[in-house]
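Shown next, in structure tokens, is the structure this report addresses.
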Amino acid sequence: MQLEVFLEKVSVNHGLNVLVSHLAQAGIEIAALIRQGALQGVTEKMTSTNVQGETQMKLDIRSHELAVAQLRASAVVAGVLSEEEDHPVLFETLDAPFLVSMDPLDGSSNLAINGVVGSIFSVLPNIGVSTLGEQAFLQPGQDQRAAAYLMYGPATLMVLTLGQGTHVFTLDHDSNTFMLTQQTVQIAEETSEFAINASNQRYWAPAMQRYINECLQGADGLRGRDFNMRWCASMVMDVHRILTRGGVFLYPHDCKQPVRAGRLRLLYEANPMSLLVSQAGGESIDGKQPILAIQPDSCHQRVPVLLGAKQEIQRLREYHWQDSDHPQATD
Ligand code: AFP
């Protein structure tokens, strides 16, 4: 079934359907650029840095431009908050029904090694950006109308939720059409696979040290079974593995930069991924509370992210509540 047919079947909101179709088109254009690799100079670094102080890749900027152009063309979006811009880009259509927060190219440091990267989108209702300005983007993740990521791998995928389950679409490159290939994904409640950047181990709170040590003790320890570890340094790829075969993805608070709550951004990484995972039967917390319930303070706010298999997230929540000596910092 084609994406457009699926949307007509499951969504009565025509404007949202138009928006999702434009997100898909942005993904097709970004995928075509990435496929050209060094021939398009896409592995070149810019001299510029984004609001995070991160050096931008040429393709970060190109992906941002392609996505903004598609969202403007949709005529149903009033503005776009992007990882690549300090402030939201507001369109002429300030009364349009939706706002979009996005990471136009997540994992872009993997481009230089021809790794898997993706685009992450969060769709919110426009609650009055014409008067509120960027404050209008500061809505909790539970208010999202849709969330999606594009995954630029051996196949180009679009993983989407409109609030009734999480579904996978695969791009047919011959017809340039996304086709439904997996409907209503379910994440197993149990897992024996975790994803974390273990090089930060010495900076973790005791609760995270405890959880990971128990996993590493395997069958000889409290967990009574061996665990496997993966880390792709690409949230889209790690989350897609979890949606596909289960597991947990962990980017906890660490005291490497104590004032920084975490590495990942709430509005355009944690919230959309948390909605996709929760719609697939998983859970997502910042250590103690559901990420989707967090009231954002600022557009580029960072947050710890622990998401995936329900039973593991519940165990991590218990450990963090017991770990009262290290409250979660917020920046
Ligand atoms: P880049 O977009 O700068 O490559 O960062 C990717 C990311 O935001 C997320 O996709 C990864 O899960 C995480 O950072 C990787 O962080 P580490 O480089 O600290 O492992």
Side-chain angles (χ1 to χ4, degrees), residues 27 30 33-34 37 42-64 67 81-85 101-122 147-153 157 159 193-204 208 212 229-244 247-258 260-274 276-277 282 284-286 291 299-308 331:
I30 294 169
L33 210 52
I34 288 172
V42 294
T43 55
E44 287 170 20
K45 288 184 187 287
M46 308 290 285
T47 54
S48 57
T49 59
N50 62 19
V51 65
Q52 336 288 338
E54 296 162 346
T55 303
Q56 292 173 303
M57 305 292 287
K58 181 178 176 183
L59 201 60
D60 282 322
I61 304 298
R62 287 290 299 122
S63 301
H64 166 85
L81 168 69
S82 170
E83 183 192 36
E84 302 309 328
E85 290 278 356
S101 296
M102 68 177 185
D103 183 353
L105 200 65
D106 177 69
S108 55
S109 55
N110 286 313
L111 281 174
I113 56 169
N114 198 35
V116 173
V117 293
S119 303
I120 308 173
F121 297 99
S122 167
Y149 61 81
L150 280 295
M151 182 177 180
Y152 310 115
L157 305 182
V159 181
E193 189 163 71
F194 65 90
I196 197 165
N197 181 341
S199 69
N200 296 322
Q201 189 265 349
R202 64 189 184 283
Y203 300 115
W204 298 334
M208 189 52 68
I212 295 297
M229 192 192 102
R230 286 285 182 274
W231 187 250
C232 302
S234 166
M235 190 181 194
V236 164
M237 189 167 172
D238 278 315
V239 168
H240 193 69
R241 186 190 56 255
I242 287 164
L243 286 170
T244 306
V248 285
F249 169 90
L250 310 169
Y251 213 116
H253 171 255
D254 62 48
C255 58
K256 188 175 0 178
Q257 298 180 53
R260 209 170 80 158
R263 174 180 169 93
L264 302 174
R265 277 58 58 132
L266 175 60
L267 289 183
Y268 41 80
E269 289 172 323
N271 273 345
M273 289 309 202
S274 296
L276 287 159
V277 163
S284 178
I285 61 174
D286 66 358
I291 281 180
C299 284
H300 298 285
Q301 173 178 343
R302 297 173 188 268
V303 69
V305 179
L306 316 177
L307 62 77
D331 69 355

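Just so you know, ligand 1 is whichever comes first in the structure, and atom 1 is the first atom listed for that ligand. Along the sequence shown, residues are numbered consecutively beginning with 1.
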### Query
Hey, do the aromatic rings of Tyr203 and His253 have their centres closer than 6.0 Å?
no

### Task
Taking only heavy atoms of Glu269 into account, list the atoms of ligand 1 that are under 4.0 Å away from them.
8 (O)

### Straight-line distance of Arg265 CZ to Glu83 CD, nearest 0.5 Å
4.0 Å

### Task
Report the distance from atom CG of Leu250 to atom CD1 of Ile285, rounding to the nearest 0.5 Å.
9.0 Å

### Message
As an exercise, identify every atom of ligand 1 less than 4.0 angstrom from a heavy atom of Phe249.
### Response
12 (O)

### Summary
Heavy atoms of Glu84 and Pro104 approach each other most closely as CG-CG, 3.7 Å

### Summary
Contacts of Asn197 meeting side-chain contact (heavy atoms from CB on, under 4.5 Å) (sequence neighbours excluded), chain-then-number -> Ser199, Asn200, Trp231, Tyr251

### Query
Considering residues at least two apart in sequence or located in another chain, which fulfil the side-chain contact (heavy atoms from CB on, under 4.5 Å) criterion with Leu157?
Met151, Ala155, Val168, Thr170, His240

## Note on the structure
Met235 heavy atoms within 4.0 Å reach ligand 1 at atoms 9 (C), 10 (O), 11 (C), 12 (O)

### Summary
Numbered in order shown, the ligand 1 atoms found under 4.0 Å of a heavy atom of Ser234 are 10 (O), 11 (C)

### Message
Counting only nitrogen or oxygen atoms and a 3.5 angstrom limit, does Ala233 reach ligand 1?
### Response
no

### Query
Which of the atoms of ligand 1 are close to Arg265, meaning less than 4.0 Å from one of its heavy atoms?
8 (O)

## Note on the structure
The atoms of ligand 1 lying under 4.0 Å from a heavy atom of Ser108, numbered in the order shown, are 1 (P), 2 (O), 4 (O)

### Task
Begin with the C-alpha distance, continue with both residues' side-chain angles, and end with the deciding distance and a verdict on side chain to side chain contact (heavy atoms under 4.5 Å, CB included) for His300 and Leu81.
CA-CA 9 Å; His300 298 285; Leu81 168 69; 4.0 Å; yes

### Asp238 touching ligand 1 at heavy-atom level, < 4.0 angstrom
no

### Task
May I ask you to check whether Arg263 has an N/O atom sitting below 3.5 Å from an N/O atom of ligand 1?
yes

### Query
Any N or O of Asn200 that comes nearer than 3.5 Å to an N or O of ligand 1?
no

### Query
Between atom CG of Asn271 and atom CG of Leu264, what is the distance when rounded to the nearest 0.5 Å?
11.5 Å

#### Entry: Residue Leu264 vicinity, atoms of ligand 1 by number, heavy atom under 4.0 Å
8 (O), 9 (C)

